[in-house]
Amino acid sequence: MARILMKGNEALGEAAIKAGAKFYFGYPITPQNEVSAYMAERLPEVGGVFLQAESEVSAINMVYGAGGAGARVLITSSSPGISLMQEGISYIAGAEIPAVIVNVMRGGPGLGGIQPGQADYFQATRGGGHGDYFMVVLAPESIQEMVDIMQEAFDIADQYRNPVMILADGMMGQMMEAVDLDNVEKSDRNLPPKTWATTGMAHHQGKNIINSLELDPAKLEKHNLDLKKKYDEMAKNEVKYEMYKCDDADIIAVAYGTTARIVKNTIDMASREGIKMGLIRPISLWPFPQEPFDRTADRAKAYISVEMSMGQMVEDVRLAVNGRKPVHFYGRTGGMIPEPKDILAEIKNILGGVK
Amino acid sequence: MARILMKGNEALGEAAIKAGAKFYFGYPITPQNEVSAYMAERLPEVGGVFLQAESEVSAINMVYGAGGAGARVLITSSSPGISLMQEGISYIAGAEIPAVIVNVMRGGPGLGGIQPGQADYFQATRGGGHGDYFMVVLAPESIQEMVDIMQEAFDIADQYRNPVMILADGMMGQMMEAVDLDNVEKSDRNLPPKTWATTGMAHHQGKNIINSLELDPAKLEKHNLDLKKKYDEMAKNEVKYEMYKCDDADIIAVAYGTTARIVKNTIDMASREGIKMGLIRPISLWPFPQEPFDRTADRAKAYISVEMSMGQMVEDVRLAVNGRKPVHFYGRTGGMIPEPKDILAEIKNILGGVK
Amino acid sequence: MEERVIMAGFGGQGLMTIGQLLAYAGLEEDKNVSWMPSYGPEQRGGTANCHVIVSDGPVGSPVISEATGVIVMNRPSLEKFESYLIQGGVLVIDSTLIDVKASRTDVEAIYVPADEMANEMGNSKMANMIMLGAYVQKTGVVKLESLFNALRHVWGNTAKERFVEPNIEAIKKGAGLIGELVK
Amino acid sequence: MEERVIMAGFGGQGLMTIGQLLAYAGLEEDKNVSWMPSYGPEQRGGTANCHVIVSDGPVGSPVISEATGVIVMNRPSLEKFESYLIQGGVLVIDSTLIDVKASRTDVEAIYVPADEMANEMGNSKMANMIMLGAYVQKTGVVKLESLFNALRHVWGNTAKERFVEPNIEAIKKGAGLIGELVK
Amino acid sequence: MAKVIYEKPKGITDAITHYCPGCTHGIIHGLVAESLEELGVLGESIGVAPVGCAVLAYNYFNCDMQEAAHGRAPAVATGIKRVLPDRTVFTYQGDGDLAAIGTAEIVHAAARGENITVIFVNNAIYGMTGGQMAPTTLLGQVTTTTPYGRKPEANGFPIRICEMLSTLEGAAYVARVSVHDINNIRKAKKAIKEAFQTQIDRKGFSIVEVLSTCPTNWGLTPAEAIKWLKNNMIPHYPLATFKSPWGVK
Amino acid sequence: MAKVIYEKPKGITDAITHYCPGCTHGIIHGLVAESLEELGVLGESIGVAPVGCAVLAYNYFNCDMQEAAHGRAPAVATGIKRVLPDRTVFTYQGDGDLAAIGTAEIVHAAARGENITVIFVNNAIYGMTGGQMAPTTLLGQVTTTTPYGRKPEANGFPIRICEMLSTLEGAAYVARVSVHDINNIRKAKKAIKEAFQTQIDRKGFSIVEVLSTCPTNWGLTPAEAIKWLKNNMIPHYPLATFKSPWGVK
Amino acid sequence: MAARGNVIFDNERCKGCELCTTVCPVGIIEMSSRLNSRGYHFSQVKEGMMEKCIACGFCGMTCPDFVIKVERL
Amino acid sequence: MAARGNVIFDNERCKGCELCTTVCPVGIIEMSSRLNSRGYHFSQVKEGMMEKCIACGFCGMTCPDFVIKVERL
Ligand SMILES: Cc1ncc(C[n+]2csc(CCOP(=O)(O)OP(=O)(O)O)c2C)c(N)n1
Ligand SMILES: Cc1ncc(C[n+]2csc(CCOP(=O)(O)OP(=O)(O)O)c2C)c(N)n1
Ligand code: SF4
Ligand code: SF4
Ligand code: SF4
Ligand code: SF4
Ligand code: SF4
Ligand code: SF4
Ligand SMILES: [Mg+2]
Ligand SMILES: [Mg+2]
């Protein structure tokens with residue numbers, strides 16, 4: 001099939017269906033309502049189930065049940081709705097249930113606004129829920145990448161029996177771009193059969209229990225260590241990033257998702273003015289890529305994290321740079337979108353200072 | 001009054017009452033149930049209200065209402081319950097409502113266990129809720145300190161119109177220690193009158209609105225910048241820490257809450273073996289203290305973060321050390337409690353490696 | 001080549017539709033395109049706008065801060081978006097609905113009595129297509145034929161099929177103006 | 001001086017109570033004390049234990065990994081906590097309820113037929129106090145008088161007031177054993 | 001001298017609402033404001049706005065207001081009322097807010113007999129988010145999330161909130177009204193005033209369910225929407241006073 | 001030859017439960033297990049354990065189990081049932097779990113007519129956490145959070161879940177039973193079996209509320225607790241079949 | 001004789017929903033062909049019909065936007 | 001003549017709650033003075049009374065801990 005024009009919210013729904021997710025649970029919230037509308041129409045056509053839950057709290061627990069029963073299951077929401085899911089996400093991680101969660105971020109805190117934001121970075125990458133757990137967090141910069149990454153997200157979830165989050169924003173959800181839904185690369189991951197799923201004892205060997213409770217501290221610690229092993233593996237294997245014009249860059253911006261596109265505009269503007277600027281674009285926010293920093297820390301004079309937040313990913317940049325070079329921050333928030341010319345002004349500022 | 005023996009959970013309740021908090025909303029959860037039992041009995045005696053909500057979600061929103069109406073209000077819970085409050089906490093921060101939230105942490109993730117843990121550090125310090133916000137997070141190491149800090153917590157909350165979290169753990173909640181409830185130092189903070197509270201228009205000038213919504217991105221950004229200014233002020237003014245035997249330490253442990261007590265045991269053991277070990281004990285986890293690291297980074301050979309988690313505060317330690325010295329980690333989890341001898345073994349290991 | 005156009009007016013005037021149509025037309029020509037709507041409660045009755053980019057290279061931010069073109073169908077939109085235009089940018093104004101002139105002199109303002117023309121064609125709902133026709137003819141961002149194909153592609157075999165030909169006519173009407181209007 | 005004692009047995013045997021009492025007694029003597037209970041569902045019917053520290057210096061961890069004393073009133077507790085004792089530590093065993101001997105030889109084991117004695121006193125609920133009396137007399141961690149004061153302080157003017165004197169008697173009974181038992 | 005028969009109530013600010021043309025949210029606002037005014041408690045009132053189309057209600061009611069998280073208005077109102085028991089505290093909530101995400105909060109506020117007043121605007125749809133199914137959406141009704149019409153097998157049955165809450169001892173005043181014509185607007189006003197009176201008299205929890213239109217998401221003109229309400233909603237949601245401290249006929 | 005009149009059902013594992021002596025949770029477990037066995041669906045069943053004293057129920061029921069977050073068992077069961085519509089899916093929940101934090105989930109599972117079975121164990125208290133007030137705690141009852149006895153002004157009124165859920169169209173089978181004597185144990189068994197039959201026949205949502213004891217937190221011996229249940233709970237929670245696909249007398 | 005009334009419209013508040021036109025018992029309210037600044041055709045009393053107004057207040061009560069003030073003369 | 005029964009106790013499962021003793025229509029169940037390994041006095045049929053058992057099954061049905069197996073002989 002050729003490339004078609006599609007809204008991000010609809011494309012991600014279709015991509016999930018193509019990735020084999022026939023179950024969707026969710027609760028309306030702007031700016032991701034098109035996902036539910038799309039799934040409500042499409043899933044019955046493919047023999048799946050769309051269910052509008054009574055709340056995000058219920059929805060995430062339906063995902064727990066459905067994922068635990070062995071299905072590929074998608075849930076989407078936006079910032080406040082994702083906050084309501086934190087207990088559920090912690091349970092899903094603790095009980096090792098695969099699921100894909102999409103956060104189409106808006107401005108916060110509180111009710112905030114409905115325009116695009118990236119201020120849920122901490123929540124996504126550090127675990128807004130309680131306890132030690134991590135999810136792979138993927139941040140596509142285009143609708144095509146979102147579609148491609150959806151397949152990947154479900155595969156990662158199944159491979160590690162762990163939730164995976166796709167962190168998008170209102171812009172990504174609302175915009176239309178050309179997308180090719182058919183040439184999505186299937187991964188060659190060797191996915192384990194879901195022998196652990198609760199499908200009824202008559203349908204598998206022994207008795208299956210989906211659970212995150214362990215009252216014996218020694219056993220719970222063991223469980224945490226097992227999880228840690230898994231997280232370490234994910235951290236090793238699931239790093240994804242793009243380096244853009246970093247080779248001889250004096251200053252390297254770090255940005256993800258739609259902000260990265262804006263930074264690419266900025267880089268073009270900068271190069272017209274003879275400023276050597278590059279971009280490290282983490283695609284996996286957790287695990288956060290270390291390598292591109294190690295490869296650039298000698299040459300670059302400074303880094304700048306550009307976000308639609310008051311400064312969250314910048315901590316990961318600092319951790320990755322680890323004192324080798326100064327790390328700066330530029331952010332817009334509340335639904336305001338950074339503009340290339342303002343970013344460039346900031347960069348000139350920094351380079352002035354750095355020289 | 002003399003020192004009396006009191007359970008942490010009860011002492012914190014009484015301390016809140018002494019700090020003028022006559023309103024308590026909560027929902028039962030181990031290991032902090034003694035707080036509700038205590039408040040249920042005591043608050044009616046002092047003309048206050050104890051209300052057992054139908055859930056943590058409701059409870060935190062009752063706190064929103066009560067705090068917004070101008071009252072000093074306390075809420076306590078433990079890990080999964082705190083996760084359920086993340087939306088509400090983000091709203092409270094966004095709407096600038098003072099409130100004190102106590103998390104008596106247990107093992108996670110998911111249902112986990114009910115023994116002590118410190119794995120909600122990220123959630124507390126980075127905002128488990130959506131959007132850009134911070135709370136002052138205080139971590140006492142003894143029941144006396146918890147009592148003292150309660151007064152402080154309410155004052156900070158009122159001064160900045162911001163939620164404050166006290167991060168304790170099951171050990172702190174369940175243990176009994178001697179405590180003097182009467183000699184709590186009153187702060188000399190100049191607390192602003194609550195002219196913003198919704199008490200009815202007949203009771204103040206103009207119309208008061210408690211709100212976190214702003215649909216205009218420019219205005220929402222302005223709100224975020226105003227909040228940021230407040231957070232910067234808190235970050236400057238509300239840092240609290242203890243340095244213990246750091247002066248000539250070769251290795252400096254960083255630990256908070258009950259873990260810090262355990263590390264102090266370890267330091268004594270270490271010094272008996274001629275190992276120079278010190279402790280930086282952050283009392284405010286947010287803002288995380290930078291100064292003690294700057295004061296010790298020249299002399300110390302290495303740092304080690306000791307936590308009842310798989311490694312969370314260690315990121316703040318890394319950020320504070322910023323590459324100047326190696327940063328190590330030792331943690332137990334799931335309700336297992338680190339033992340001095342094991343910490344010491346780890347330290348010998350590191351010092352062997354460092355030399 | 002990168003065309004960055006903002007289309008704005010009251011909700012219901014069909015600006016979202018012509019934005020999508022333009023993006024589709026770009027796609028027909030194998031260009032890179034993006035369409036980004038305004039969204040939120042202000043849409044109801046209030047103003048609505050979308051940002052469309054048609055580019056030979058990859059599209060950066062779908063949100064336009066420096067527009068090469070602006071199409072406006074009410075006065076608040078003119079006032080708001082005029083300033084987004086780069087020097088020499090194209091500003092298409094529905095002169096039936098907007099009774100003032102562009103205040104900038106460094107842009108190319110085109111006044112299209114689109115509402116009036118649409119009413120003459122018997123359907124005021126097609127004013128948007130007239131505006132689009134004029135804009136496309138003026139800028140050459142895509143071929144008119146690509147617009148027609150896009151219309152056929154998207155509305156063909158749907159309930160809107162019967163509107164395809166009238167809309168093509170409207171686009172042509174708008175396009176036809178350009179020779180006349182711009183001397 | 002730092003005494004670190006673990007008290008363990010079935011729920012309902014009153015080990016939490018004697019733990020608190022010891023801590024209170026320490027407080028009476030202006031020492032630093034901590035009391036840390038086991039908590040959780042296993043308490044129901046299962047075993048319960050608490051950790052008490054009485055110290056001249058500040059108390060570190062309230063959880064004891066190296067105990068100077070262990071008081072046990074059932075066999076699983078003996079088996080579990082014997083290993084926590086430091087060399088030369090004091091191990092008080094209710095020999096009515098536990099029919100085995102300590103397996104360690106590097107500690108001082110004291111066998112107190114507390115249950116039997118309490119029954120003789122007419123109230124099996126006071127076995128805990130007998131155990132405590134023996135332990136305190138043996139170790140001298142606090143004065144017996146401090147225990148009595150603590151009892152009066154905590155239970156005086158409460159519903160438990162009438163149990164104060166009998167319990168003091170029981171503590172004395174336990175303390176009285178020490179001369180006899182430990183040669 | 002001219003006597004004023006109707007004008008914008010003092011309990012309503014001068015702000016122009018963001019509601020769609022013909023949306024009956026505005027009418028209901030007016031009734032609430034008039035009631036508070038007539039009962040003399042405007043200056044003693046604290047309202048709680050929901051998340052839903054009425055999210056900006058804090059700009060329209062001329063009294064102190066709090067903006068609650070989606071569904072949590074009854075919890076927020078509880079917090080306020082417990083601190084200020086002599087003030088008049090009310091929530092204004094939509095059917096998504098109250099009957100979906102806020103189910104636990106409304107049931108328990110009612111069960112507690114929390115002395116607050118709830119104005120429950122049932123328009124059988126999620127207005128704010130663009131027309132998704134609400135718990136009160138009728139069977140067969142097409143919404144963006146029931147594109148094939150609401151089917152009980154897939155989407156369940158519409159909930160009758162008044163009937164459900166009436167089973168709770170703490171609910172003192174429970175009534176369902178509508179604003180589809182003048183007569184019913186008058187009855188709605190009466191019910192709302194009685195609900196507030198219930199609170200003022202400290203009789204416990206009061207709720208008025210008001211059937212309301214959503215022309216925008218129903219895809220109808222305001223006048224058509226009024227008719228649709230009358231012909232479709234009332235048969236399923238009978239208008240009645242279910243409970244009242246003054247007795248129910 | 002000896003005929004077995006009673007023995008541990010096959011639906012119960014060999015694990016010794018953590019329940020307190022004389023707690024009737026165990027009896028109810030037995031009835032559920034027997035029903036699944038007799039209906040021949042044990043191997044087709046997936047149970048959902050709550051957070052509450054029955055939190056470890058996954059160790060006791062001899063079928064696949066999921067452990068839900070507190071109050072969310074109906075949501076979890078919904079997720080399972082939608083994926084596996086031909087399996088028998090049930091939740092086992094306490095009164096804190098179902099009637100407090102899980103109110104929204106149970107109301108909406110019922111409203112949806114979700115084809116699952118809910119076993120609702122009402123012991124008028126939070127057992128697991130040490131005896132706090134539950135939504136079903138009786139007026140006057142002393143708990144750790146109602147040290148002065150439950151008072152309606154401060155703590156609200158006890159909720160009758162069956163009566164409330166019966167107002168919902170999607171609820172197909174609703175019954176309240178008790179296990180305080182042999183006769184009632186038999187009736188309870190019958191109700192539980194009918195509830196499962198409702199699900200097997202795809203008639204919609206089924207719930208059995210079982211009045212149960214908590215000797216530990218009531219501060220009574222098991223035998224006294226049985227009497228307390230009979231004398232205090234039943235008058236407030238009448239035993240009845242409220243709804244049934246086979247009709248109610 | 002029926003009361004005489006006077007109705008005053010705050011045109012800028014009007015959203016042109018037409019509900020007032022449907023409730024007027026004497027049918028004297030119509031929509032203007034003009035737009036207010038927010039783009040709505042606003043309501044008005046038909047030319048010269050004001051004296052037919054019976055001051056029932058229905059239009060005011062029905063208007064969701066508090067456009068109308070009704071006076072009895 | 002009433003049916004004769006045999007009841008078998010799995011003593012280690014017993015928690016000594018005494019409920020079985022209250023339901024036996026012929027009153028033949030008592031608590032042992034001995035403890036099982038979990039510290040509970042377990043239930044038993046009174047010395048020599050087994051033959052009075054009518055195999056009603058009440059004890060089994062009542063026992064929350066699945067201690068008792070009842071057979072009809
Ligand atoms: C936690 C959360 N979930 C979802 C939303 C999105 N949301 C905003 S309004 C709304 C529903 C509004 O519907 P209703 O309560 O019926 O009010 P109406 O708009 O119909 O008046 C939803 C789901 C939100 N803001 N927060
Ligand atoms: C989110 C959350 N809140 C609170 C708890 C603590 N908690 C565990 S069980 C329970 C109540 C149990 O009571 P009930 O449901 O009546 O079951 P019972 O123990 O009486 O059988 C609570 C509040 C928790 N685990 N998770
Ligand atoms: S969307 Fe519906 S409910 Fe909301 S303002 Fe518009 S008409 Fe009213
Ligand atoms: S606490 Fe109560 S409900 Fe829980 S097991 Fe014990 S007796 Fe049963
Ligand atoms: S007051 Fe009555 S008669 Fe007069 S214009 Fe209004 S509706 Fe018509
Ligand atoms: S009802 Fe009000 S808003 Fe609607 S047309 Fe009449 S005056 Fe205008
Ligand atoms: S089967 Fe009946 S008669 Fe026999 S011991 Fe049991 S209860 Fe008694
Ligand atoms: S009912 Fe069961 S657990 Fe209780 S005493 Fe009898 S056999 Fe033992
Ligand atoms: Mg609605
Ligand atoms: Mg219970």
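As a basis for the values below, the full set of heavy atoms in this structure was taken, side chains included, without hydrogen atoms, waters or symmetry mates. Numbered from 1 within each chain, the chains take letters A, B, ... in sequence-line order.
- Enclosure of atom NZ in B/K341 by more than 12 non-hydrogen atoms of other residues, nucleotides or ligands within 6.0 angstrom is indicated.
- A donor-acceptor pair is defined here as one N or O able to donate and one able to accept, closer than 3.5 Å; no such pair exists between the side chain of A/D120 and the backbone of B/G128.
- Shortest non-hydrogen contact noted between A/H130 and B/S83 is ND1-OG, 2.6 Å.
- Between chain A and the options B/N103, B/L220, B/V57, B/L111, the largest number of non-hydrogen pairs under 4.5 Å is found for B/L111.
- Distance CG/B/L215 to CD1/A/I114: 6.0 Å, rounded to 0.5 Å.
- Chain A forms more heavy-atom pairs under 4.5 Å with one residue of B/G129, B/G112, B/A93 than with any other, namely B/G112.
- Residue B/I82: no heavy atom, backbone or side chain, is found under 4.5 Å from chain A.
- The backbone N or O of A/G323 lies less than 3.5 Å from a partner atom in the side chain of B/N322, making a donor-acceptor pair.
- Taking chain B as the reference chain and counting heavy-atom pairs below 4.5 Å, the highest number among A/G94, A/G127, A/A124, A/A119 is found for A/A119.
- If you take CD on A/Q115 and CG on B/D216, they are separated by 9.5 Å, rounding to the nearest 0.5 Å.
- Residue contact with chain A, scored on non-hydrogen atoms closer than 4.5 Å, involves the backbone and the side chain of B/R332 alike.
- With hydrogens and angles disregarded, no donor-acceptor distance shorter than 3.5 Å links the side chain of B/T333 to the backbone of A/E221.
- Ranked by heavy-atom pairs shorter than 4.5 Å toward chain A, the options B/G108, B/G311, B/S212 are led by B/S212.
- Taken from CD1 in A/I89 to CD in B/Q86, the straight-line distance is 11.0 Å, to the nearest 0.5 Å.
- When heavy atoms are compared at a cutoff of 4.5 Å, B/A218 approaches chain A by way of both its backbone and its side chain.
- The CG atom of B/L84 sits 12.5 Å away from the CE atom of A/M85 when rounded to the nearest 0.5 Å.
- Neither the backbone nor the side chain of A/I92 comes within contact range of chain B, judged by heavy atoms closer than 4.5 Å.
- Contact check for A/M310 versus B/L225: side-chain heavy atoms found under the 4.5 Å cut-off.
- Annotation for B/K230: atom NZ counts as buried by contact number, over 12 foreign heavy atoms lying within 6.0 Å.
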Q: Output, in order, the C-alpha distance, side-chain angles, deciding distance and verdict of side-chain contact (heavy atoms from CB on, under 4.5 Å) for B/Y133 and A/F122.
A: CA-CA 11 Å; B/Y133 71 91; A/F122 278 146; over 6 Å; no
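- Between the B/S90 side chain and the A/P109 main chain, no donor and acceptor come within less than 3.5 Å of each other.
- Heavy atoms of B/Y64 lying under 4.5 Å from chain A are absent altogether.
- Using a 4.5 Å cut-off on side-chain heavy atoms (C-beta onward), A/R126 and B/E315 make contact.
- Residues B/Q312 and A/D132 have side chains in contact (heavy-atom distance under 4.5 Å, counting atoms from C-beta outward).
- Among A/S78, A/G335, A/G113, A/S79, the residue with the largest count of heavy-atom pairs under 4.5 Å with chain B is A/S79.
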